Amino acid sequence: GGEATEAEGGDAAASGDVITVGFAQVGHESDWRTASTKSVQDAFSAANGYDLQFVDCDNDSKAQIDAVRQFVQNDVDYIVIDPIVSTGWDTVLTECEDAGIPVIVIDRTIEDSDKYVSWVGSEFMNEGLASGAWLKAYAEAKGIDDLNVLVIEGSNGSSAQIGRTDGFKKYADEEGWTILDSQDGNFTQEGGQQVMESYCKSYAGKFNVVVCQNDNEAFGAMDAMKAAGVSYGVDGDVILISFDACKAGLEYVQSGDINADFMCYPLQGSYCADIIKALQNGETVAKETFMTEPWYVAEDILPSITYTNNAGEEVTEDLIVVT
Ligand code: GYE
C-alpha cells in the first residue's frame, strides 16, 4: 500500500447537495454478502445525504458491467463496485474515467486495471496463508502427520477464491499435504452441500480435512457430512476450516463443529463513505485500505502462530478461542 491518488469529486461538491452513488454489488449468495449490503445501504442512506442506486448483480459478471455502464448513463457522482471477478474491467473503468466519475472498489480486487481511486477490503492471500499456518501448527500439536484435504472453493475467478486457494496451497505444497480435490461451491450453502455430497461418495474414508472458502459452504458441507455419517469438528474425524467468521459461523466454532474460522470483515460501507467525503473535500485518499482479520478457533491449544504474510513480513497472530 502507501500509494496515494487524488481525484476530482463528482458534481455534488456544493454543500447540501445530495450525493448520488451507484453500487454494483456481487449478489446475495452468503451471510457475508448480506452484511456487506446492509453496511453500504446504511452508510449511504438518505438521512446521511445520499441517493444510493443499488444493483444486486446476482453473481453475473456481464450484468455487473452493464450496471456500471447504467450508472455512467445516469451520471451518478460516484461508482462503487464489488467486482464479481477480478478481470475484464479495464474498458468499462476507462468509460467511468472519461465520464469523470470516480470509482471506488470494495472487497474483491481488480487485477487488470488501476483506473479506480481507492480500494478497501481484505488480503485474501493472507487469509489462505492463515488457514495453512494454522493447520500446520494444529496438526503438529495433535500429532497428525498425514493430511488429506478436500477444498470447496468460492466462486471461480473472484479474488477471494483465488487468494484463499493460493495461500492454502502454498502450505499444502511445502508440507506435502495431499489435496484430493478442489471444486467450486459458489460461496453458497447449497453449493457447499452439493460438492460435499459428491466428495463423500468419491472420497469416502480417505479425507481428514475439509476447507470451505466461506461459512455458508461450511454449513452445507456439515449437512452433507452428517447425512453421510462423517464426523467433523473437535470431536470428529475431519478437521473443518472456514472463512468469513460471520455470526452463525462463529456459533459453529463455539460448538466445536468448525475447528477454525478466518475472519473476513464485511462492514466496509463506512470506510467507503469516508473515502467519498475525503474526495468531496478535495483530499488525497489511500489507494488501498486493509481490514483487520482475527483468527477464531474452537480449542484452546495454541496461543499464537507466527507466519510469513503475502508481503513477506513475519506476523504473529493471537488465536481467539470462541467460548
Ligand atoms: O467470503 C463470501 C462472499 O467477497 C470476501 O464473498 C467476499 C466473499 C465472502 O460470498 O462469503
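Since the structure is predicted, the reported quantities are computational estimates derived from the model, not experimental observations. We count ligands from 1, going down the list as the structure has it; atoms in each ligand are counted the same way.
With respect to the salt-bridge test (charged N to carboxylate O, under 4.0 angstrom), the residues Asp114 and Lys287 do not qualify. Taking a cutoff of 4.0 Å between a charged side-chain nitrogen and a carboxylate oxygen, Lys115 and Glu97 do not qualify as a salt bridge. Between Lys169 and Asp166 there is no salt bridge, since no side-chain nitrogen of the basic residue lies less than 4.0 Å from a carboxylate oxygen of the acidic one.
Using a 30° and 60° split on the angle between ring planes, Tyr203 and Tyr199 fall in the perpendicular class, above 60°. By the 30° and 60° cut-offs, the orientation of the rings of Phe262 relative to Phe243 is tilted.
Put simply, the side chain of Cys96 reaches to within 4.5 Å of the side chain of Val68, judged on heavy atoms.
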Provide, line by line, the atom pairs where ligand 1 and the protein bring an N/O atom each to a distance under 3.5 Å; else say none.
| unit_1 | atom_1 | unit_2 | atom_2 | d |
| --- | --- | --- | --- | --- |
| ligand 1 | 1 (O) | Arg164 | NH1 | 2.8 |
| ligand 1 | 1 (O) | Arg164 | NH2 | 3.2 |
| ligand 1 | 1 (O) | Asp244 | OD1 | 2.5 |
| ligand 1 | 4 (O) | Arg33 | NH2 | 3.1 |
| ligand 1 | 4 (O) | Asp107 | OD1 | 3.2 |
| ligand 1 | 4 (O) | Asp107 | OD2 | 2.7 |
| ligand 1 | 4 (O) | Arg108 | NE | 2.8 |
| ligand 1 | 6 (O) | Arg33 | NH2 | 3.0 |
| ligand 1 | 6 (O) | Arg108 | NH2 | 2.9 |
| ligand 1 | 10 (O) | Glu29 | OE2 | 2.4 |
| ligand 1 | 10 (O) | Ser30 | OG | 3.0 |
| ligand 1 | 11 (O) | Ser30 | OG | 3.1 |
| ligand 1 | 11 (O) | Asn214 | ND2 | 2.8 |
| ligand 1 | 11 (O) | Asp244 | OD2 | 2.6 |

